[in-house]
Amino acid sequence: MSSYKDRIRSLYFISQPTFWRMVSSDQLPKNYDFAEVEERWRGTWRDEDHYFDSNSNKPQFVIDTPPPYPTGNFHIGNALNWCYIDFLARYKRMKGFNVMFPQGWDCHGLPTEVKVEELNHITKNDVSREEFRKMCRELTEKNIIQMRLTLRKMAFSIDWSNEYITMMPDYYSKTQLSFLRMLKTGYIYQSEHPVNYCTRCETAIAFAEVAYDERETQLNYFDFHGIEIATTRPELLAACVAVAVHPADERYHFQKGSKLIVPLFGHEVPVVKDEAVDPAFGSGAVMICTFGDKQDVHWWKQHNLGLRKAIDRQGKMTEIAGKYKGMNTTECRNAILADMRSKNILKRQEKLAQRVGTCWRCKTPIEILSERQWFVKIKPDEIQNAAHQITWYPGHMLLRMENWVDQMEWDWCISRQRIFATPIPVWFCKKCGEMVTPADEDLPVDPTMVMPKYACLKCRNREFDGEVDVLDTWMDSSISVLNVTGWDGSGTPPYFPAQIRPQGHDIIRTWAFYTILRSVALTGSKPWEEILINGMVLGEDGFKMSKSRGNIIVPEEILQKYGADALRQWAAMGAATGSDIMFNWNDVIAASRFQTKMWNIARFVLIQLKKEGFDQNAPVTALADRWLLVRLSDTIQQVSTAMECYQFDTALKTIREFAWDTLADNYIELVKGRLYAGDTSRKSALLVLHTAFEAICKMLAPFTPYFAEECYSSLNRDASVHRQPWVSFTYDDEAARIEGNMLVQVAAEIRKYKHDTGRALNAPLGKVTIYTPHTINDEGDTGRTINADIHWRTDTAKLDRVISDIDFNRAVVGPVFRNRAMAFMTAIKALPPEQLINPPETIILEGSEVRIPENSFTPKYSYIEEGAKVDVITIGDVIVTIAKSA
RNA sequence: GGGCUCGUGGUCUAGUCGGUUAUGACGUCGCCCUUACACGGCGGAGGUCGCCGGUUCGAAUCCGGCCGGGCCCA
């Protein structure tokens, strides 16, 4: 079933290569080969062009970029984030800023430790701390190398001279220095305090690392010395330190100082009254244990209760659990329930849906243990204050920060009982316990490997225990901004604060929060002037990408199929800045089609320019030419405005519309006849084509760096678009805007007329007369584009016209007449035709005389043909008559 | 339970400090290979802008309530 179309197409493709070689040696290739182009430019561009210049007197634009975790795979969420960063870095460079786009790597942490254990079939305790660290470092280095390749393919204009790696000595010595500074100023302290603890990872974790999981559990009712208690955690009975009831609960009449005996264990605990007890839950009496949950900690503090540690760091029952000692919590729970049953004190059990805090990494339910840990003081007012001095994009993301800060209850626990992390740089005197810290110039130190250079200041002893705890990785990454702005521990760094922080909304409560906290603590100032939040990337099915759903898309796959520029366009256009964005192959395909279209525009422009170069000073005379310059000027304004407030979707959309609709479909269609014909005004069109095309290249440069470079270099052989200033072209010609719009509309209406009357678009049309209010000089464009014999006239068409309807300008009528607007419109409609054409000054409305506001309505005409000899099209006040062919 | 956010043709999406005919893409249907492009051009069909109520001359847009999704937190 080979149709005519198919046959033509196959012929076309067979003949194409030969045809090509013959005529096109100095022309652009017919197809845009993204793979070839992207690889070629990648090999040509130099890293030095993106270096931050510390000697420059341009205004600085320092970007506090997110250091990714070096997993080895740069995922699509990273890609979105980095695209935003690169759009603004490239834009700001073109705008004349001295831009710093550093690349960091946030190396430390549990995932790498776990991976190393897995790969080497060991556990961290099988080798020395130093050996284990080395294995982690080597794996991380390998992963970084891998990820750098993807970053380069995506054409991110990274300043590689400002790369930082948090596990390297020059970085983590800064982390240690920042620790010592905050220790000195009292922001950091050591204390025994309840902390979230993962017994599988054997480390304390911060609230930000606690995830919540929906689980089903048993609510157990048992007899507690005569009163009924409901608990989900009977294994904590040994840790029971009080029983609490609501003060207004009629069921319980305890005197002040009443005590109860804990079943099975026999220790005595007080009864306390507290408003926070929910009388409707369970039996209305609740046991307080150290610690079942956050509420227990609350009560424990408030009522000054004793401490009973029943669970140790490995999640095993301790000494005070008596015969249950050494069991894990589940074994203990079962054993205690069995014992309760046999003693007949277990009354009943109910199923209960519960949200349980888990370790974000391994999903093990967290325990709250009281431990000696290191903490950073959280001062909510300071943080709120700094957060409010930062401009948030989009604005509502500030609320997330406010809410998070408002509900902070505990200080930030920064110590971890792990290995691959920044060591806490302190020692303790073996004799008197005094804490000793290293001198600044001795950093970095690993206190488990080296000893202080001095004797204990207090007791002159020379033997010390090095701190074995290490720092939370957020302690590393929360000074990223201090690092890139040149902090050396002494006051405010030279480039501080940074201009912008780009990051995802998922880490507002961690990275953004901790960074603000640390900047305020160490410099007294906000860390950045602006923060730009990007959304999460969802799978094509609208769900979060996950292995189990099988909806993961990796950037490498897109790069390979459609190239970096198409992926970057998807990132810009997929959604408004800050919104979550669904991955969509269609958008990537549409992006690559846009490149094809632009490529063909480039070929057209080049072919025309090659015929006879263009004259930079040619007078722009023809209406279509002036019109395009007006539209270009508008486009540049709109795109620039969008870029200034990081609305990348609006910016790229505006560029695409201008290139595709305005330039290709309207303008080129109008002027190609003039270009082919070689009219005198050909030079005018060439100059306009050149101007518009060059401007599009520049505007596309931040979004599609490879493609823009390829196009631009076809115009200017030895120049890079990435070293050009941003477009600043303006052109003001109101008459050209209005008349040009009319011209385009007339051409469109005539095309539609041909379509409706069953003609081919290039079919000749005979005599067409266009009646306009003003004289139009279109240099013959309209006639050629629609293939007709066009006559422009300014006199009145000899047609019978009748008013068919009235267009009201509601923006005028509404405010003037308010609730009488409807009555006004009815009254106008009732006027006789001659008064609609020449309206009176006033009209009678509900008995009173009112002025008719200017521009409040326009009559709509329809025309009666003169002896059926012409077809008539009306466009506003323009009338087009088309002679009917015999 | 609280906070934030979203709900627009089959799908995704723009517009959201009120104003005439609601944007674009993909898909779909029809016509057309015209010296840049069929990876194209032109045209069409397809929407009670989640539901209900209110404010207003006028509501996708503002207000209230409800329903449903997502994120964050208890």
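Chain naming here is simple, since letters A, B, ... match the order of the sequence lines and numbering starts at 1 in each.
- Within the 4.0 angstrom heavy-atom criterion, base atoms lie near A:His755.
- Residue contacts for A:Tyr676: at a heavy-atom cut-off of 4.0 Å it reaches a base atom on one of the strands shown.
- A:Gln595 comes within 4.0 angstrom of no nucleic acid atom, judged by non-hydrogen atoms across all strands.
- Using a 4.0 Å heavy-atom cutoff across all strands shown, A:Asn403 reaches sugar-phosphate atoms only and no base atom.
- Using Watson-Crick or G-U wobble geometry with both donor-acceptor distances under 3.5 Å, B:rG68 finds its partner in B:rC6.
- In this structure, A:Leu399 reaches the sugar-phosphate backbone alone: every heavy-atom distance under 4.0 Å involves primed, P, OP1 or OP2 atoms, never a base.
- Residue contacts for A:Asp649: at a heavy-atom cut-off of 4.0 Å it reaches no nucleic acid atom on any strand shown.
- At B:rA36, none of the side-chain N or O atoms of A:Lys30 fall inside 4.0 Å of OP1 or OP2 (strictly under the cut-off).
- Nucleotide B:rG1 forms a pair with B:rC73, judged by Watson-Crick or G-U wobble geometry with both contacts under 3.5 Å.
- Nucleic acid contact class of A:Lys754 (heavy atoms, under 4.0 Å, all strands): none.
- Taking only side-chain nitrogens and oxygens, A:Lys597 comes nearer than 4.0 Å to OP1 or OP2 of B:rG41.
- Across all strands shown, A:Trp660 has heavy atoms under 4.0 Å from sugar-phosphate atoms exclusively, and none from any base.
- Residue contacts for A:Leu606: at a heavy-atom cut-off of 4.0 Å it reaches no nucleic acid atom on any strand shown.
- Between the side chains of A:Asp274 and A:Trp299, at least one donor N or O lies within less than 3.5 Å of an accepting N or O.
- Using a 30° and 60° split on the angle between ring planes, A:Phe604 and A:Tyr676 fall in the perpendicular class, above 60°.
- Here A:Arg818 does not reach the OP1 or OP2 of B:rG58: none of its side-chain N or O atoms lies under 4.0 Å away.
- Residue contacts shown for A:Ala748 are absent, as no nucleic acid heavy atom lies under 4.0 Å away.
- At a threshold of 4.0 angstrom between heavy atoms, the contacts of A:Asn819 include nucleobase atoms, whether or not backbone atoms are also involved.
- The side chain of A:Ala811 approaches B:rG19 more closely than any other nucleotide in the set B:rA36, B:rG19, B:rA25.
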